[in-house]
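See structure below.
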Amino acid sequence: MATPRSVSKVVVVGGGIFGVSSAVHLARLGVQTVLVNDGPLAKGASGRSLAWLNSARKRSAEYHRLRMIGIDRYRTLSARYPDAAWLRFDGGLTWDADDASNEIDDVFAHEKALGYDAQHLSAHAIASVTPGVAASAVTPQGAIFNPGEGWVDLPSLIEILIAEFVERGGQLVTDAGIAAVTVVDGRATGVTTTSGISLAADAVLLATGGDVPRMVADAQQYIADGTPIALLVRTKPVDLPLRAVLNTPRVAIRPTPDGALALDSAWSEEEVVVNSDGTYSVKASTIQGLLDEASKVIEGHPKLELQSHGVGPKPIPGDGEPVFGQLKDIQGYYVAFSHSGATLGLIAGELLAGEIASGIEHPLLANFRPSRF
Ligand SMILES: Cc1cc2nc3c(=O)[nH]c(=O)nc-3n(C[C@H](O)[C@H](O)[C@H](O)COP(=O)(O)OP(=O)(O)OC[C@H]3O[C@@H](n4cnc5c(N)ncnc54)[C@H](O)[C@@H]3O)c2cc1C
């Protein structure tokens, strides 16, 4: 446990959900905070996320607990914005393939044992619980409906949080060029950027998504990295009754604030080509395949058309669990690097801001320290 101290100036690097959420929580605590981002806000994973708010299936007890608290923070936010089109709790519906990989019975028993709200439904029972799903697509093992799950449109949330940050006196620097953390004598002292900005700080939070492992390596620190390149496809608006987030063997689907759908899947992610110059190529057949898979699981099999797609890193630590807190060997150098950053966005920002401001570690983050690598 670090010694309590007071921090007067913090620089947060990264304008995704972790950086923005941490920055606004620091501002709420009265800490002078600068948020620096290389381009516009929400241009990384937060701008192309499925953003399903959940703790479905199996994981460590500590990670489950943190996700549940993360969802609770969204419930509180939802009570403040009851009519928000960008934050919905209409449940999640999951089914698996009809083969040996099907875990529906096992997952249902696990979720019930944890008290995670779950209903095991046969295909024909789904319509009475959640609308718009093609019963014919559901496998014989049935589906799990989790009524407490939801989704958030992260760019909308980021816009709201950043407005509060600025209102509270926080300084926002977008299009700042590529930032690097300066470390002197084992302590983070600030941030410089390729556009010539230089900012001194008592503490720095690195929240640069998939870039975190590479950036801490510049300071001889190691965080195991399992970040894949992911694809998110957005359809044109389409008038459908579907409300739940769907997780199905070939496609995951969630509604969007403008009445369209966001789609992703594991197989389409694997088809993204990483070019030798570091850019990405997505085949038209991959996008069409995802649109077709989505149509198959929606009642009436509507024709879905492409609006846009996003491709790039999906931050995932090497062991799958979140990485939050101060680096072992560098005082004042904090990191936020995790999968499920939508679900964890509010709670991670709150807990990290508290740790940075006070120097006191929060017990909820004890299992997720960068020092474990
Ligand atoms: C396809 C997909 C599906 C997902 N599905 C879900 C889901 O269903 N549920 C869920 O909870 N989570 C989901 N996630 C994960 C979630 O979206 C991410 O964990 C979260 O958005 C990460 O936020 P971040 O702030 O860490 O990073 P980012 O949003 O990537 O933000 C990092 C920012 O840092 C900036 N940056 C990077 N390097 C530098 C630098 N050197 N200097 C200055 N700025 C820099 C980038 O431009 C970017 O703006 C999904 C992600 C993807 C991609």
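All of these numbers come straight from a predicted model, not from anything done at the bench. In each ligand, atom 1 is the first atom listed, and ligand 1 is the first ligand listed.
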Atom 40 (C) of ligand 1 has as its nearest protein heavy atom A179 N, 3.7 Å

For atom 12 (N) of ligand 1, what's the nearest protein heavy atom and its distance?
S340 CA, 3.2 Å

Any salt bridge linking R214 with D225? Criterion: basic side-chain nitrogen under 4.0 Å from a carboxylate oxygen.
no

Of Y334, F337, F324, which is the lone residue that meets ring-ring contact (aromatic ring centres under 6.0 Å, His included) with F18?
F324

Please determine, by modelled atom types, if S268 and T286 share a side-chain donor-acceptor pair under 3.5 angstrom.
no

Side chain or backbone of A51 under 4.0 Å from ligand 1, or both, or neither, by non-hydrogen atoms?
backbone

Report the nearest protein non-hydrogen atom to atom 24 (P) of ligand 1: residue, atom name, distance rounded to 0.1 Å.
F18 CD1, 3.9 Å

Below 4.0 Å, non-hydrogen atoms only: which portion of L50 touches ligand 1? Side chain, backbone, both or neither.
both

re atom 30 (O) of ligand 1, the protein heavy-atom contact at minimum distance is A45 N, 2.9 Å

Residues S101 and D96: side-chain donor-acceptor under 3.5 angstrom
no

Of the backbone atoms (N, CA, C, O) and the side-chain heavy atoms from C-beta on, which set of A176 has a member under 4.0 Å from an atom of ligand 1: side chain, backbone, both, or neither?
neither

Ranked by distance from atom 47 (O) of ligand 1, the top protein heavy atom is D38 OD1, 2.6 Å

At less than 4.0 angstrom from any non-hydrogen atom of I178, what atoms of ligand 1 do you find?
41 (N), 42 (N)

Hey, is T193 touching ligand 1 through its side chain, its backbone, both or neither, going by heavy atoms under 4.0 Å?
neither

Considering heavy atoms of the protein only, find what lies nearest to atom 35 (C) of ligand 1 and give residue, atom and distance to 0.1 Å.
N37 OD1, 3.1 Å

Rounded distance (nearest 0.5 Å) linking atom NE2 of H339 with atom OH of Y63
6.0 Å

Heavy-atom contact check, 4.0 Å cutoff: does G15 meet ligand 1?
yes

Here the atoms of ligand 1 under 4.0 Å from any heavy atom belonging to W52 are 7 (C), 8 (O), 9 (N), 10 (C), 11 (O)

Hey, are K58 and D106 close enough for a salt bridge, meaning a charged N less than 4.0 Å from a carboxylate O?
yes

Can you list everything that forms a side chain to side chain donor-acceptor pair (under 3.5 Å) with E293? Sequence neighbours excluded, please.
R250

Counting heavy atoms only, name the option from H339, R254, K314 that's nearest to atom 51 (C) of ligand 1.
K314

I17-ligand 1 polar pair, N/O distance under 3.5 Å
yes

Is it true that E164 and R28 have a side-chain N and a carboxylate O under 4.0 angstrom from each other?
yes

For ligand 1, which atoms, with element, lie under 4.0 Å from some heavy atom of G14?
33 (C), 34 (O)

Per-atom filter on ligand 1: closer than 4.0 angstrom to a heavy atom of G209 are 26 (O), 27 (O), 30 (O), 32 (C)

Sub-4.0 Å atoms of ligand 1 with respect to non-hydrogen atoms of R48:
1 (C), 2 (C), 52 (C), 53 (C)

Pairwise distance CG(N102) to CD1(I104) - rounded to 0.5 angstrom
5.5 Å

Which atoms of ligand 1 are found less than 4.0 Å from any heavy atom of A207?
32 (C), 34 (O)

Identified side chain to side chain contact (heavy atoms under 4.5 Å, CB included) counterpart of V11 within the set T33, I197, V191, T182:
V191

Tell me the protein heavy atom at minimum distance from atom 31 (O) of ligand 1, and give that distance in Å.
G16 CA, 3.3 Å

Taking distance alone, with N or O pairs closer than 3.5 Å, would you say T343 contacts ligand 1?
yes

Proximity of D211 to ligand 1 by residue part, where a heavy atom lies under 4.0 Å
side chain

Please confirm whether M215 comes under 4.0 Å of ligand 1, counting heavy atoms of the residue only.
yes

Please could you name the atoms of ligand 1 that S338 approaches to less than 4.0 Å, counting only its heavy atoms?
19 (O)

Any N/O pair G341/ligand 1 closer than 3.5 Å:
yes

Nearest-0.5 Å distance, OG of residue S60 to CZ of residue R67
9.5 Å

Would you say the side chains of S156 and D153 form a donor-acceptor pair under 3.5 Å?
yes

Could you identify the single nearest non-hydrogen protein atom to atom 13 (C) of ligand 1 and state the distance to 0.1 Å?
S49 OG, 3.4 Å

Euclidean distance, N367 CG relative to E62 CD, rounded to 0.5 Å
4.0 Å

For ligand 1, which atoms sit closer than 4.0 Å to a heavy atom of V13?
42 (N), 43 (C)

Can you list the residues that meet the side chain to side chain donor-acceptor pair (under 3.5 Å) rule with Q288, with sequence neighbours excluded?
D292

Quick check: does any side chain N or O of D202 sit under 3.5 Å from a backbone N or O of S8, one acting as donor and the other as acceptor?
yes

I158 and I17: CA distance, side-chain angles, deciding distance, side-chain contact (heavy atoms from CB on, under 4.5 Å) verdict
CA-CA 6 Å; I158 284 173; I17 187 58; 4.1 Å; yes

